[in-house]
There are 2 protein chains.
Amino acid sequence: MELTDRKKQILKVVVESYINTAEPVGSKAIVEKLSAKVSSATIRNELADLEELGYLEKPHTSAGRIPSPKGYRLYVNELMEKHALSPSETEKINASMQGKMAGLDQVISKAGQMVSTFVDYPTFAAANHKEKTSVKRFELIPVDDVSFIAVVMLTDSRVKSQLLSLQLPVEKEELPQIAHLLNTHFVGIDAPEMNSRLMNLSDQVSGHWFLLVSRVVEYAGELVQEAGRQEIYTSGASQLLKFPEYRDIDKAQELMSFMVDNREDLPLPQSDAPMQILIGPENVNEALKDSSVVVASYDIGDNMRGLIGVVGPTRMDYATVAARLSYFAENLTRMFGKKQLPLKEEKENE
Amino acid sequence: MELTDRKKQILKVVVESYINTAEPVGSKAIVEKLSAKVSSATIRNELADLEELGYLEKPHTSAGRIPSPKGYRLYVNELMEKHALSPSETEKINASMQGKMAGLDQVISKAGQMVSTFVDYPTFAAANHKEKTSVKRFELIPVDDVSFIAVVMLTDSRVKSQLLSLQLPVEKEELPQIAHLLNTHFVGIDAPEMNSRLMNLSDQVSGHWFLLVSRVVEYAGELVQEAGRQEIYTSGASQLLKFPEYRDIDKAQELMSFMVDNREDLPLPQSDAPMQILIGPENVNEALKDSSVVVASYDIGDNMRGLIGVVGPTRMDYATVAARLSYFAENLTRMFGKKQLPLKEEKENE
DNA sequence: ATTAGCACTCATTCTTCCTGAGTGCTAAAG
DNA sequence: CTTTAGCACTCAGGAAGAATGAGTGCTAAT
């Protein structure tokens, strides 16, 4: 059954007022904010209906109403006015995005940080590889008798390198051959496959070479696995404490410890939708059951999708957050979503 | 004037009892915990003296005594029993340190994390370079027509690399010469010096070369500067909320926002002492005035000194924290303080 | 120097009472 | 059938007071 127009208007007023004040909303207050001129008694009847339908709840008998998750859901789906950003806001966002992010790792974490300061809620940030990352190419650079540098180009166009030292002497002349070996056998595959090929190799090459090769493969394997694991960054977690809903220290600590200490356990929403809003119990994560999350995603290169989630009480300001976040995400896609990452194409200041 | 032995014993009991319970300690409770058999009235006289001397304070007239910062200081300097770790504790520490840290960046942050879980207080972690980091050597690896990889070896034995792309074509054959140029002019110097040498070079080489060189130098300059900036990591910040002294949300938020969001502003103690305890107002940082910090340092390679700080209320368990932290720090020095970093010398599991 | 004894202080807790915002229901009016 | 005025009712939250009890400081005796 569809709600009447008036019921929707009333629900909207309740949600917005509660978002602003965190106080239950009473019938009189609603009358004042409502354009239609009706008495508070009428509103009370409507409120009773809305409560029966599950859109509102009462903290206790003699208090006003607050929205239920179902109420927020309706608000977000139908009632919320997607408000456009003011020029000064877009300006601020644009300014903050100038030249702050060098290198892929930084894009992800910085994006989260910027959003957090901009929406005034805590955020988390992560990224998914669409395809599995693997090694694109190996290079070995001689250093001294016992050490060399392994340079590993990954398919996501990052380049990682590390100094490796052995007990045995390393012959400069052998390195190119070993690199060739690596490039023919260990490119384009995942970590377990790397290991099994390494095993196969063990009796085809000399022990000395094998040692060298396995050190490099070990390193590369870690890189590939690390790329598969998704690192989650969080920002602004301390802002949680400013909301009255987290006055209860235990509630606060539960969520807080997720945000700052156990981020790896934050289950991320999977959908590819540009923006998604998860309200209270819609979150699968136990610690988020009383909170809401607004998630947006953006492109990084053409093989990754960045994710930014804004975390707050269910009473969070969905309209503003959604507007700002989606503007941000769109801009990030514009800046980093190209075929080839424009890594440090242009620079400014220092 | 020296305190009598009995006064010291009493102070010790007060401090330790308060550390355990967070409740003011009364004369009767002291009698019970004190070996000497005296009456509570005697204790009261002594307490009055200790208060007059500034070692104790009273929250209000009818409460027991709590230690003042001066009291904690005396306790830490003279009274505290440096307790040895039990075998099961050292075992746990040793186990947790097995093979968790690969690469220099990880040593620092992981060390902080491990200490935090082990002492049950929040920690911060950082590292100082004793000497300025600079570039030890450049390598350029051709990739395709317009891009190449810059590999930069730093004096702290880290190796960093990045894919650089230009608009102009990159000649494979030129790269070794350009690398040579870089290695003769841009090694062993700091970022500003790099820039000024770059300027000098501008009319000595062709525009094409200059473009290439400046891209690499720019990248290297950032690396060198980044090494100079000190990155601060924190762990376990949410544990703060479990202490009653941070029940006051505002206090909690102030410190919390330092720990999780503004870590770069945490001023770190400079001393090179292996361990240092800063009690309440001894901290210069405003946000830490009501808290205490136990800092220890350890060697990383032979050019860096890692720093781990344990943060807690002034009522923190100095004896336990100090014991565990120093054991940790000693082990870290043992593991990573060698001449040459044993980066991934041995491995286990995956 | 120590201690028993006693009057005093004051945070904390519990009760009681009051207030006022807000409700639900009924009965009358549109 | 919808709206509204009116009224009795509920209940969280705050204020005020009383009781509790842990702890003190001081005095006078040992």
Side-chain angles (χ1 to χ4, degrees), chain A residues 1-11 13-15 17-18 20-68 71 244-245 247-248, chain B residues 1-11 13-15 17-18 20-68 71 244-245 247-248:
Chain A
M1 154 205 158
E2 258 299 303
L3 292 182
T4 67
D5 226 50
R6 192 171 65 183
K7 283 200 172 57
K8 285 184 183 173
Q9 284 312 308
I10 292 173
L11 178 58
V13 169
V14 173
V15 171
S17 166
Y18 187 64
N20 280 328
T21 64
E23 299 286 334
V25 190
S27 53
K28 257 170 107 178
I30 297 175
V31 173
E32 284 165 26
K33 296 204 184 162
L34 211 57
S35 46
K37 52 221 166 310
V38 288
S39 79
S40 63
T42 314
I43 301 293
R44 281 201 289 283
N45 289 330
E46 297 282 57
L47 288 176
D49 290 354
L50 282 167
E51 186 178 352
E52 185 147 7
L53 293 168
Y55 295 103
L56 295 178
E57 6 189 271
K58 263 189 311 203
H60 57 263
T61 342
S62 72
R65 303 302 208 292
I66 64 176
S68 69
E245 18 275 283
R247 269 296 150 74
D248 175 8
Chain B
M1 154 204 158
E2 258 298 303
L3 292 182
T4 66
D5 224 51
R6 192 171 66 185
K7 284 199 171 59
K8 286 185 184 172
Q9 284 312 309
I10 292 173
L11 178 58
V13 169
V14 173
V15 171
S17 165
Y18 187 65
N20 279 328
T21 64
E23 299 286 334
V25 190
S27 52
K28 256 170 108 179
I30 297 176
V31 174
E32 284 166 25
K33 295 203 186 165
L34 210 56
S35 46
K37 54 224 165 309
V38 288
S39 80
S40 64
T42 313
I43 301 293
R44 282 201 289 282
N45 288 330
E46 297 282 59
L47 288 175
D49 290 354
L50 283 166
E51 184 178 353
E52 186 147 5
L53 293 167
Y55 294 101
L56 295 177
E57 7 190 271
K58 264 188 310 203
H60 57 264
T61 341
S62 72
R65 304 301 209 291
I66 64 176
S68 69
E245 16 276 284
R247 269 296 148 75
D248 174 9

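Chain naming here is simple, since letters A, B, ... match the order of the sequence lines and numbering starts at 1 in each.
Going from atom CG of L56(B) over to atom P of dG23(D) covers 15 Å, rounded to whole Å. In this structure, the CD1 atom of I66(A) is 14 Å from the C1' atom of dA12(D), given to the nearest Å. Note: NZ (K28(A)) to C1' (dG6(D)) measures 13 Å, nearest angstrom. Residue E32(A) contributes atom CD, which lies 10 Å from atom P of dG22(C) at whole-angstrom precision. Note: CD1 (I30(A)) to C1' (dA21(C)) measures 13 Å, nearest angstrom. For E52(B) and dC26(D), the CD to C1' distance is 15 Å, given to the nearest whole Å.
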Return a table of donor-acceptor pairs under 3.5 angstrom between the side chains of residues 58-65 of chain A and protein atoms on other chains or two or more places apart.
from, atom 1, to, atom 2, distance (Å)
R65(A), NE, E51(A), OE1, 2.9
R65(A), NH2, E51(A), OE1, 2.9

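Counting only residues at least two apart or on different chains, the side chain to side chain donor-acceptor pair (under 3.5 Å) pairs with a member in residues 21-32 of chain A are S27(A)-R44(A).
Side-chain atoms of S39(A) and T42(A), non-hydrogen and from C-beta on, do get closer than 4.5 Å to each other.
Between dA1(C) and R6(B), no contact under 4.0 Å exists linking OP1 or OP2 to a side-chain N or O. When the side-chain nitrogen and oxygen atoms of K58(A) are compared with OP1 and OP2 of dG24(C), one or more of them lie within a distance under 4.0 Å. Residue R65(B) has no polar side-chain atom (N or O) positioned under 4.0 Å from OP1 or OP2 of dA22(D).
Near DNA chain D, meaning a heavy atom under 4.0 Å away, the residues from residues 38-51 of chain A are V38(A), S39(A), A41(A), T42(A), R44(A), N45(A).
The two residues L11(A) and L50(A) come nearest to each other via the heavy atoms N-CD1, 4.3 Å. Across Y18(A) and P67(A), no two heavy atoms sit closer than the pair CD2-CD, 3.6 Å. Between V15(B) and G71(B), the shortest heavy-atom contact is CG2-O, 4.5 Å.
Judged as a side-chain hydrogen bond (donor to acceptor under 3.5 Å, both in side chains), and not counting sequence neighbours, the contacts of E245(A) are R315(A). Looking at residues two or more places apart in sequence or on another chain, you find no side-chain contact (heavy atoms from CB on, under 4.5 Å) involving N45(A).
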Close N or O pairs between protein and nucleotides 7-10 of chain C (under 3.5 Å):
from, atom 1, to, atom 2, distance (Å)
dC10(C), OP1, T61(B), OG1, 3.1
dC10(C), O4', S62(B), OG, 3.3
dC10(C), O2, S62(B), OG, 3.3

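Remark: K7(B) NZ to L47(B) CG distance equals 10.0 Å, nearest 0.5 Å.
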